[in-house]
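Here the structure is laid out as structure tokens; the discussion comes afterwards.
Position 1 is the first residue of the sequence; numbering continues from there.
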Amino acid sequence: MGLDNKTLIVRPDGRVSRRQSAEFLGVSPSTMAWWAWKGIGPRPLKTGGRAYYLIDDLRRFAGTGSEAVTTGAEA
């Protein structure tokens, strides 16, 4: 994945920003936005107009390479 020597900031509730989620998966933030719009990839959580992703969903998606929307805890 993309974060070889970078720090991933995970909030206490497990959320990661779209930018860092994209880096983690090795794609661009716009790809993450497109996936969310198409209903594929990790499921985004909207908070205050911003998209976040749960770290467990990102890890699961990265491990499977699946294009299915992951299910996670409700925010």
Side-chain angles (χ1 to χ4, degrees):
M1 294 295 114
L3 289 175
D4 294 332
N5 293 317
K6 298 181 183 177
T7 301
L8 183 65
I9 299 170
V10 180
R11 289 167 176 75
D13 61 359
R15 289 180 297 146
V16 179
S17 72
R18 175 175 280 162
R19 182 183 56 80
Q20 288 207 321
S21 297
E23 288 180 25
F24 180 79
L25 294 176
V27 299
S28 71
S30 61
T31 297
M32 299 292 290
W34 185 77
W35 284 351
W37 182 74
K38 296 292 278 183
I40 60 176
R43 184 175 53 90
L45 305 170
K46 293 285 191 150
T47 303
R50 296 186 183 266
Y52 296 93
Y53 298 83
L54 295 176
I55 188 63
D56 290 341
D57 286 350
L58 294 172
R59 287 182 180 136
R60 190 170 22 258
F61 182 77
T64 63
S66 170
E67 288 194 356
V69 175
T70 62
T71 57
E74 294 296 325

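Under the 4.5 Å side-chain heavy-atom criterion for Ile, Leu, Val, Met, Phe, Trp and Tyr, I9 and Y52 are members of distinct hydrophobic clusters.
Put simply, the residue from L58, I55, V16 that forms a side chain to side chain contact (heavy atoms under 4.5 Å, CB included) with P42 is L58.
The side chain to side chain donor-acceptor pair (under 3.5 Å) search around T31 returns S28, not counting sequence neighbours. Judged as a side chain to side chain donor-acceptor pair (under 3.5 Å), and not counting sequence neighbours, D56 has no contacts. Legend: residues meeting side chain to side chain donor-acceptor pair (under 3.5 Å) with R11, ordered by chain and number and at least two apart, are absent.
To the nearest 0.5 Å, atoms CZ (F61) and OH (Y53) are separated by 10.0 Å. Annotation: the span from R18 atom CZ to K46 atom NZ amounts to 5.5 Å, rounded to 0.5 Å. In this structure, the separation between OG on S21 and CH2 on W35 is 10.5 Å, given to the nearest 0.5 Å.
Between M32 and V27 the shortest heavy-atom distance is SD-CG2, 3.7 Å. When all heavy atoms of L54 and D13 are compared, the pair lying nearest together is CD2-O, 4.0 Å.
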